[in-house]
Amino acid sequence: MSVESVHTATRPLRVAIIGSGPAGVYAADILTKSQDVKDGEVHVSIDLFERYPAPYGLIRYGVAPDHPRIKGIVNALHKVLDRGDIRFFGNVHFGEDLTLEDLQKHYDAVIFATGAIKDAQLNIPGIDLEGSYGGADFVSWYDGHPDVSREWPLEAKEIAVIGNGNVALDVARVLSKHADDLLVTEIPDNVYEGLKKSPVSDVHVFGRRGPAQVKFTPLELRELSHSRDVDIVLYPEDFDFDEASDEAIKKNNQVKTMVNTLTNWLVEEAHEGEDASSRRLHLHFLHSPVEILEDPERPGHVGGIRFERMELDGTGNARGTGEQVDYPVQAVYRAIGYFGSPLPGVEFDERRGVIKNDGGRVLGAEGTHVPGLYATGWIKRGPVGLIGHTKGDALETIGYLLEDRLNLPAAEAPEEAAVVELLEGRGVRFTTWEGWNLLDAHELALGAAATANGGSHGVPVERERVKVVPREEMVAISRGE
């Protein structure tokens, strides 16, 4: 039997996607809507595997709960998975519950869309002191990730956040915001209780270059000004613009908007009265971290952070001035980017933190395409760009998959029931899309109950949802146990 007849006439093309965040869901959606599928030239059967009991990946566990665009993105992903033409298998860990060999036996093609969840490293002295944290780890905590501790040490009054991207702003905003004002979101109770006890007074965000080179976006920047009882503090000496900065402001509306917002805040701050807020969020530019300093009174703990002052060099890049400045802080969060994790049996670029690939075609040790293996999203191109960029990324990968389809190695056991039998035989307590709907309804009911009882934690506020955290509880609810 020819490969073509296996994949088009006799049975559908079987595709496994590992990861149910935006990258994975977009890839599945684009494949089902491709012209080849619409024309009937290809029939597809797609299974989406997720290591967590719930879908949505980064949207559920990597974006601040008060982000205004979360709901719209979740609704879009929900519509795709709710159509019923893509099967969801949650609580399935690739490399443990299912191996690469298993997938190659049951599927004609495998797409890795596992994203990037680890913090990029910052190799400076003192980085391992107590009180030095990865921003991604903190995000996982406040987003109720089932595999992180339920506790987080929030004891510092003064905090440094290193980074000038959206994650740095999210971390700084959550650290500086009053816990009661986060009750309108889906934060779990342990996160509220932890933030409520925080004695924080000052959060400092440090970027290496100038205001025209920041990596965050206007929406995230403007969100900072919406926090109640939190003053934004800026410093005139940090507002340096070189030729490249001026050019970027002229040609890029996003840069122009952010620079205008920052400079307006600087002017407004100079004319404000004496009514200071109880917390302050400081934005610093042209600071490059040199060393995290130990507290002489608490050996082994963070007591401050040292920076080298930078200056722009005319091209938008920064160079050191030799001047150093210290800030007293008791905690440091690095938010300088995410980094991908290797997958068993797949070649990995340790320097870039991505699966080795050519346009989404996974490469083997010899540098040639491994038939049937593909990648999309951050694990393909690195943790850059916004969520919307993953659509174009998935288009490229799916295009190659369809181009290769007549030469894909046919699966030995392509029946849809086969992988279910395999998981059940191994005792994997996997969850389904129907199970997610049960968990979704349960979390919404928790929010409704909190609202009906006059609010939450004594605060009169309407709550749409309260997130369930323990993995076993999520699994049990999803499986109707």
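The basis for the numbers below is simple: all heavy atoms, side chains too, and nothing from hydrogens, waters or symmetry mates. Starting from 1, each residue takes its place in the sequence as its number.
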Open item on the list: I'd like to know if Glu186 pairs up with Lys467 as an ion pair, taking the criterion as any Lys NZ or Arg NE/NH1/NH2 lying under 4.0 Å from an Asp or Glu carboxylate oxygen.
Closed with: yes
Open item on the list: Under a 3.5 Å distance rule, please check whether Arg463 uses its side chain to pair with a backbone N or O of Thr185 as donor and acceptor.
Closed with: yes
Task: Donor-acceptor pair, side chain of Glu158 and main chain of Gln330, under 3.5 angstrom - done: no
Task: Lys391 to Tyr26, cation-pi by 6.0 Å centre distance and 45° axis angle - done: yes
Open item on the list: Show the nearest heavy-atom pair for residues Gly144 and Val469, with the distance to one decimal.
Closed with: O-CG1, 3.8 Å
Open item on the list: Working to the nearest 0.5 angstrom, can you tell me the gap between Leu373 CG and Phe112 CZ?
Closed with: 5.5 Å
TODO: Measure the acute angle between the ring planes of Phe49 and Tyr107, then classify it against the limits of 30° and 60° as parallel, tilted or perpendicular.
DONE: perpendicular
- [ ] Work out which heavy atom in Leu182 is nearest to a heavy atom in Val174; give both atom names and the distance.
- [x] CD1-CG1, 4.4 Å
Task: Passing option when Leu281 is tested against Ile159, Val200, Asp231, Val205 for side-chain contact (heavy atoms from CB on, under 4.5 Å) - done: Val205
Task: Pairwise side-chain contact, Arg361 with Asp404, heavy-atom cut-off 4.5 Å (strictly under) - done: yes
Task: N/O donor-acceptor pair under 3.5 Å between Thr114 side chain and Gly19 backbone - done: no
Task: Mutual orientation of the aromatic rings belonging to Trp152 and Trp141 [parallel < 30°, tilted 30-60°, perpendicular > 60°] - done: tilted
- [ ] Determine yes or no for a side-chain-to-main-chain donor-acceptor pair under 3.5 angstrom, with Arg334 supplying the side chain and Gln121 the backbone.
- [x] no
Task: Salt-bridge criterion met for Asp102 and Lys105 (N-O under 4.0 Å) - done: no
Task: Nearest-0.5 Å distance that lies between atom CD in Glu464 and atom OG1 in Thr451 - done: 9.5 Å
TODO: Return the orientation label for the Tyr56 and Trp436 ring planes: parallel under 30°, perpendicular over 60°, tilted otherwise.
DONE: perpendicular
- [ ] Please check if any side-chain donor atom of Thr32 sits under 3.5 Å from a side-chain acceptor atom of Arg83, or the reverse.
- [x] yes
- [ ] Using side-chain contact (heavy atoms from CB on, under 4.5 Å) as the criterion, point out the one residue from Leu154, Leu183, Asp180 that pairs with Lys196.
- [x] Asp180
Open item on the list: With no hydrogens and no angle check, just 3.5 Å: does a side-chain donor-acceptor pair link Ser140 and Asp137?
Closed with: no
TODO: List the atom of Ile117, the atom of Ala136, and the distance in Å for their closest heavy-atom pair.
DONE: O-CB, 3.6 Å
Task: N/O donor-acceptor pair under 3.5 Å between Thr376 side chain and Ala113 backbone - done: no
Open item on the list: One pair to check against side-chain contact (heavy atoms from CB on, under 4.5 Å): Val63 and Ile73. What are the steps and the verdict?
Closed with: CA-CA 11 Å; Val63 181; Ile73 298 170; over 6 Å; no
TODO: Please examine the side chains of Val161 and Leu169, heavy atoms only from C-beta on, and report whether any two atoms are closer than 4.5 Å.
DONE: no
Open item on the list: Using a 6.0 Å cut-off, check whether atom CD of Glu462 has over 12 heavy atoms from anything other than its own residue.
Closed with: no
Open item on the list: Walk me through whether Asp170 and Arg173 qualify under salt bridge (Lys or Arg N to Asp or Glu O under 4.0 Å).
Closed with: CA-CA 5 Å; Asp170 281 350; Arg173 192 177 66 255; 3.1 Å; yes
Task: Flag, side chain of Asn252 to backbone of Gln254, donor-acceptor distance under 3.5 Å - done: yes
Task: Smallest separation among heavy atoms of Gly360 and Thr397, with atom names - done: CA-OG1, 3.7 Å
- [ ] Report the C-alpha separation of Leu175 and Tyr333 in whole Å, then their side-chain angles, then the decisive distance to 0.1 Å, and conclude whether the side-chain contact (heavy atoms from CB on, under 4.5 Å) test is met.
- [x] CA-CA 10 Å; Leu175 284 168; Tyr333 291 75; 3.8 Å; yes
Task: Close aromatic pair by centroid cut-off 6.0 Å: Tyr374 and His369 - done: yes
TODO: Take His145 and Val139 through the side-chain contact (heavy atoms from CB on, under 4.5 Å) test and state the conclusion after the steps.
DONE: CA-CA 9 Å; His145 194 295; Val139 171; over 6 Å; no
Open item on the list: How long is the straight-line distance from CG of Leu446 back to CG of Asp189, given to the nearest 0.5 Å?
Closed with: 8.5 Å
Open item on the list: Are Arg279 and His178 packed together at the side-chain level, in the sense that at least one heavy-atom pair is separated by less than 4.5 angstrom?
Closed with: yes
Open item on the list: If we ignore hydrogens and angles and just use 3.5 Å, is the side chain of Thr390 paired with the main-chain N or O of Asp393 as donor and acceptor?
Closed with: no
Open item on the list: Using 0.5 Å steps for rounding, measure from the CG atom of Leu343 to the CD1 atom of Ile355.
Closed with: 4.5 Å
Open item on the list: Any carboxylate oxygen within less than 4.0 angstrom of a Lys/Arg side-chain nitrogen, looking at Glu41 and Arg405?
Closed with: yes
Task: Any side-chain heavy-atom pair of Glu223 and His67 under 4.5 Å - done: yes
TODO: Using atom types as modelled and distance alone, determine if a side-chain donor or acceptor of Asp108 lies under 3.5 Å from a backbone N or O of Leu408.
DONE: no
Open item on the list: Could you tell me if the side chain of Val25 sits less than 4.5 Å from the side chain of Ile86, heavy atoms only?
Closed with: no
Open item on the list: I want to check something: taking the side chain as every heavy atom from C-beta on, are Val428 and Asn91 in contact at a cut-off of under 4.5 Å?
Closed with: no
- [ ] Without swapping roles, check the side chain of Arg426 against the backbone of Asp97 for a donor-acceptor pair under 3.5 Å.
- [x] yes
- [ ] Answer yes when Glu472 and Arg429 have at least one side-chain N-carboxylate O distance shorter than 4.0 Å, and no when they do not.
- [x] yes
Task: Distance (rounded to the nearest 0.5 Å) between Lys215 NZ and Glu220 CD - done: 14.5 Å
Task: Validation row: Thr431, Tyr52 side chains within 4.5 angstrom (heavy atoms) - done: no
- [ ] Test Arg60 against Glu50 for salt bridge (Lys or Arg N to Asp or Glu O under 4.0 Å), laying out the working first.
- [x] CA-CA 12 Å; Arg60 183 172 169 94; Glu50 171 59 56; over 6 Å; no
TODO: Answer yes or no: does atom CD of Glu151 have more than 12 heavy-atom neighbours from other residues, nucleotides or ligands under 6.0 Å?
DONE: no
Open item on the list: To check you understand the geometry: which heavy-atom pair defines the closest contact between Ser176 and Val230, and what is its length?
Closed with: O-CG2, 3.4 Å
- [ ] Please tell me if the side chains of Asp440 and Arg465 come closer than 4.5 Å, counting only heavy atoms from C-beta onward.
- [x] yes
- [ ] Take Phe285 and Val214 through the side-chain contact (heavy atoms from CB on, under 4.5 Å) test and state the conclusion after the steps.
- [x] CA-CA 9 Å; Phe285 306 104; Val214 294; 3.5 Å; yes
- [ ] Answer with yes or no after comparing the ring centroid distance for Trp378 and Tyr338 against a 6.0 Å cut-off, counting only values under it.
- [x] yes
Task: Test item: Ser34 side-chain N/O and Leu31 main-chain N/O as donor-acceptor pair under 3.5 Å - done: yes
Task: Lys380 versus Gly359, closest heavy-atom pair with distance - done: NZ-O, 3.4 Å
Task: Distance, nearest 0.5 Å, that separates CH2 of Trp433 from CG of Leu438 - done: 11.5 Å
Open item on the list: Can you confirm whether the side chains of Arg14 and Ser45 place a donor and an acceptor under 3.5 Å from each other?
Closed with: yes
TODO: Please determine, by modelled atom types, if Asp229 and Ser278 share a side-chain donor-acceptor pair under 3.5 angstrom.
DONE: yes
Open item on the list: Check the orientation of Phe206 and His284. Use parallel for under 30°, tilted for 30 to 60°, and perpendicular for over 60°.
Closed with: parallel
